[in-house]
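Just so you know, ligand 1 is whichever comes first in the structure, and atom 1 is the first atom listed for that ligand. Throughout, residue positions are numbered sequentially from 1 according to the sequence presented. All values below come from the heavy atoms of this structure, side chains included, with hydrogens, waters and symmetry mates left out. This is a predicted model, so every value here is computed, not measured.
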Amino acid sequence: MRPKRALLLVAVLAVHGCADDSTGEDGVRSVPLAPPDSLERVALDPEPERAFVRVPPRVLYPSPEIAPWTVAAERSFVQPYQAEAADEGIPGYRLVDGAASVPALIVVDQGDAPNRVVVPGPFDPATFNRISLRVACPERETVRVAFRRQAGRVFASDARAVAGAQGLRTLVFDLPEMRRQRAPFDELAIETGGASQGIVIVAIELSLEPLESFVFADGEVPALAQGANGETRRGYPLATGAPLVGELSAGADVELAFAYGVPRAFRSDSGSPTLRVTAATASGGRVEVSLPIGAAEWEEATVELAALGGERATVRFELEGDPAGFCVIAEPRLRRRVERPATVLVITSDTHRGDHVGALGNGLVATPALDALAARGVLFENACSVSNTTNPSHVALFTGLHVRDTRIVDNHSPLVADVATLAEAFRDAGYRTFAVVSIPHLGPEASGLGQGFDRVSAPTEGERDAAESVSRALAFLADAHSEPVFLWLHVFDAHSPYEPHADFDRRYYPGDPFDPSQSFDFKGKFLPKYLAGLRDVTFPHAQYRAEIDYVDSQLARLLGTERVRAGVTLFTADHGESFGAHGVYWDHAELYPDSLHVPLVLAWPGAPRGVRSRVPVTHMDVGRTLLDLAGLDAVPFGGRDLRWALAAGAAPAPRFAIAGYGFSASMEAGGWHLVLHLADHQPVSVLEPRTRHRIELYDRTTDPDCLEDVAGREPARAQSMRAALVRWLGEARAGSLGTEGELTPERRAHLRALGYLGDSGTTVGDEWIDPECACAECRAFQ
Ligand SMILES: [Zn+2]
Ligand SMILES: [Zn+2]
């Protein structure tokens, strides 16, 4: 569908095999993917008169009816407590939040047995399914709520571990199980246990929440609903007595497809619900299916619609056979069988250095799968990420917005919902959109990158092996066998610790790295536990190389499939890794090429084969490129189609980067690399502290690894580049596109341990740097 001239250019490039030889003026154009008009989503709503209801919360305490002194205590040291004496018995503890005169219940722990505050009932289980406790808990505790009848416990929540912290906070216990309880409870008990000095309770509240609020965090549907296996799908809540209805227009060649599943909190042995789906037309056409709801996390279903004769129909989903039934209807859509559906695949390999691709011929790694991908497309040898930190880098790639403008500089500030993402663009264009990520903080809640995806598979804790993530990606593709798909796969294996699988372990290290007779020239500040006793500083890099080989061996399973080979594939990394240069050991701190240079391989139908480009490019152009390659030129998105870099005389733009936590900014232009530190900082992986507003300048033409700072020798150049970088920083859009990440006490402690929260830790305010700053560092190059 593209002009023939484009195909001609492809041929020219294929012959020369080098972008610099291209004579085209607008880069390479080729046949876009088949238009993805083969999918129509079905919107579902509750029947108006049956919608879920929200009941105002019932405050149990404090209240005139339950004064603190009427609350029964099982132990003498559970007592009414007046905040005026807040520090009595709890050394160092004081109530905050302006609650200084609120009467409170105090529970003091002694020994291992749980302690209880018992609140007399009765409590009707039909009137609540959530308990909120406002508590202060200076040290680590476990807390749970339990209900009893006639002094016997009939129901208890999971015990909640609560980290110690100053001040008041709210503990929420979701109890959707209440809908299966019939008789009233006699007592509510709040049980605590742990080695702490106690918790203080200043409020107890019961509320009845709509069932869907336990599954869909923001209450808006359709939204991603979490499944027990770490797989979330975009769907709608369906409860017994509250059917979902929608409209569809069924051609003879379409079927209704959807998935359904019961979230873990709603599983029960006491009911066996059936899902009934009916579609009916005004003229009497009707189809109906009944589906048993089994134990599988998500079940796929299809309903043939041929009997509707192509007429407009009303579709109804309802649950039967269990008065307390609940499930999620996910991804309802009309599916037309398509012979060769479009496939757009984005792979991000975490921590994968740009020079670690076998096709580069440097002998560092063996990556036959990536090499094969490069052989049928373009390998950008000089690509950089725009941050050295995972989430900021991915957010930039998926929004086309630089870290400067998103101001997302850490791994716990989710992207706000109103930013347009690449996944949303593909979803709006009729693609099914899947994401498989291998660490929790790229999951929908921590990253905000779930927006636009129909499904997200993310581990809930720990990292996931590429083997499993690739298998899940393949399963998603199989589910969408006749539908266009936009798929993002993130693998994490190259990230430290470098502990390759047995088949790959020590592939690049034949000797004994722990041989005490070896001289040890490690200059880093600390040795990670998994390297205890290390005697050879080159060993971690050797193991990292083996991890890259492993990643490639897993990606081969996906890259080799016929479907992927017929589609668009982009492979890149979120950042690189440093092996001692600049005193950065086995981490991706700071903004040098070690941390910023990433692989970037792009293949598409009709791509020039085996082209190498050395033009400097960044992730800012990736989204635009994928949209253009899919024929979605009209969708507004930042960046420019990367094929600009394949045209003759392509003029690269300066490359900018911002480090994690906003510690530093960098600019590269004309072969010069300038680093400007925005804050004093010294992460634990970094040997020497960095000074606020100090600059470094490197000549990448003669010093590609940026080892020799020449700012003092090139003051004029340093000054003008610094001015350009400060100007660029000053053009940032106002406000952050990250929601306030919750910095829990655990997370704060963790970040401090990593060296991210020193006394000089930076905050992202409205200004990255004051252009008028007159500190000694600034004055030296202003
Ligand atoms: Zn990363
Ligand atoms: Zn300054």
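Within D574, OD2 is the N, O or S atom that lies nearest to the Zn ion (ligand 1). For D350, the N, O or S atom with the smallest separation from the Zn ion (ligand 1) is OD1.
At a cut-off of 3.5 Å, with distance as the only test, a side-chain donor of H490 or D350 sits close to an acceptor on the other residue. One side chain, Y509 or D536, offers a donor N or O that lies under 3.5 Å from an acceptor on the other. A donor-acceptor contact closer than 3.5 angstrom links the side chains of H501 and D465.
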key: Stepwise side chain to side chain donor-acceptor pair (under 3.5 Å) check, Y592 with E696   = CA-CA 10 Å; Y592 306 109; E696 303 166 34; 2.7 Å; yes
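With contacts defined as side-chain heavy-atom distances shorter than 4.5 Å, the pair S553/F504 qualifies.
Between the side chain of R234 and the backbone N or O of A223, no donor-acceptor pair lies under 3.5 Å.
Distances from the Zn ion (ligand 1) show that T351 has no N/O/S atom below 2.8 Å. Distances from the Zn ion (ligand 1) show that H575 has an N/O/S atom below 2.8 Å.
Shown here are the protein N/O/S atoms lying under 2.8 Å from the Zn ion (ligand 2), water excluded: H693 ND1, C773 SG, C775 SG, C778 SG.
Remark: R432 is not positioned above the aromatic ring of F486, lacking an NZ or CZ atom under 6.0 angstrom from the ring centre and at most 45 degrees off the axis.
Within a 6.0 Å sphere centred on CD of E461, heavy atoms belonging to other residues, nucleotides or ligands number 12 at most.
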